[in-house]
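All of these numbers come straight from a predicted model, not from anything done at the bench. The chain is numbered in sequence order, starting from 1. Values below: every heavy atom of this structure, side chains too, minus hydrogens, waters and symmetry copies. When a ligand or atom number is given, it counts from 1 through the structure's own listing order.
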Amino acid sequence: MIEIMPTQRAERIKGLLADLIAFDTISDRTNLPLIAYIEKYLASFSITGRRVVDDTGQKASLWVTIGPEDRPGIVLSGHTDVVPVEGQSWTNDPFQMIERDGRLYGRGTTDMKGFVAVCLAMVPEIVRAPLAMPIHLAISYDEEIGCVGVRPLLHELNRMPVKPLGCFVGEPTQMQVIIGHKGKHGVRATFRGLARHSSIAPSGVNAVEYAAELITEIRRRAVALATEGPRDAMYDVPHTTMLTSTVQGGTALNIVPDHCAVEFEVRGLGLHESKQVTDAVVAWAKATIEPAMQKQDPACGIDFEEILEYPALDMQPEHSLVTLAKQLAGRNSHTKVGFGTEAGVFVSIADIPAVVIGPGGIAQAHTPDEFIELSDLLDCAGFIERLIAHCTRQRNLTATV
Ligand SMILES: [Zn+2]
């Protein structure tokens, strides 16, 4: 086997990352040029990916298999979209990678084109290895708006004859082994009231004041969850959280407001707890607030719509994928994180066990002057190098010492 020099590997990662950063793939834009770039790169190693295109035809995931296709393998998963830069103060162009003092700056360096660049940089080594089980790449879109883009790909995986044994989602964890994250459910409640001149306020239906009743109830339930709800000490915030995030209503001081929109979210510990908590809030509002509004005017009421939803991740610490992740990362510990990832979706849609482990820190994600340490990317390359070795020796997840 050809020895890969560390400097060679670093240069390859940097070159790929600079190219990936240069594609403006903020979630509301197309990622097709970036996908085409990856396809062209893979084609130079005679690898063909499989595109899963969205309804608009403007975005696509890519599913790649390297190694024996008829055997279950291991997935490396990353998203191509990044969060907006508008309103942030960047020292340099966010879409032009800059290297300074061992750090690589640019939108997406940490979250999470850095991980994707490492995976791609390791492709020549994956291709050369005599793999007993395949390594897959799952490259998605629209993660930042609720882990949306990976879902069609996972439904497609469900139809494939061989399903992967496990998945590593490379979100920034400083290469810590993450076995759980909270789920999330966001809801918009739109109150339809009745406008009147404020001098005859009692004849109107005040949408803002009814919305305030909902907000108060959300607050009351959030406090109850914090004080009496289930707890998981592995989280920084060890209980389910709920809050009202935005309120928009009213037009002028002298008009009874006929419109108010409230957005609230739950981040729940259990697999489906987030939705259960919001469902209970919605049911309460329909049973108490809405009838009171309709008593004043039958045309008034509340419309509820889901803004976003993703499931929690809750892997057992003794799962063989967790043990393998620890062996490959050279760590004994595991923990859980507050932020959501595609890992929960891999489990819930495709029943593929998933662990979150990737380079860089979440503190750098979504910030102006986002950066990642080159050394973190090289650590991640080491993880993948050991994964390749595992996949040449084993046809299962069982870690070997
Ligand atoms: Zn991310």
Report yes if the distance between the aromatic ring centroids of Phe95 and Phe23 is under 6.0 Å, otherwise no.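 No, they do not, as the ring centres are separated by 6.0 Å or more.
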
From the Zn ion (ligand 1) out to just under 2.8 Å, does an N/O/S atom of Glu143 turn up?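 So Glu143 does not bind the Zn ion (ligand 1) by this criterion.
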
Glu144 backbone or side-chain N/O/S under 2.8 Å from the Zn ion (ligand 1):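 Under 2.8 Å: Glu144 has no N, O or S contact with the Zn ion (ligand 1).
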
Would Lys184 and Glu265 pass as an ion pair if we require N to O under 4.0 Å?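 Glu265 and Lys184: salt-bridged.
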
Among the N/O/S atoms of His79, select the one at the shortest distance from the Zn ion (ligand 1) and name it.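 Going by distance to the Zn ion (ligand 1), the closest N, O or S atom in His79 is NE2.
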
Determine which of the N, O or S atoms in Asp111 is closest to the Zn ion (ligand 1) and give its atom name.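 For Asp111, the N, O or S atom at the smallest distance from the Zn ion (ligand 1) is OD1.
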
Taking the six-membered ring for Trp, are Phe371 and Tyr105 parallel (under 30°), tilted (30 to 60°) or perpendicular (over 60°)?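 Plane angle between 30° and 60°, so tilted.
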
Output, in order, the C-alpha distance, side-chain angles, deciding distance and verdict of ring-ring contact (aromatic ring centres under 6.0 Å, His included) for Phe191 and Tyr210. CA-CA 8 Å; Phe191 289 73; Tyr210 280 113; 7.6 Å; no

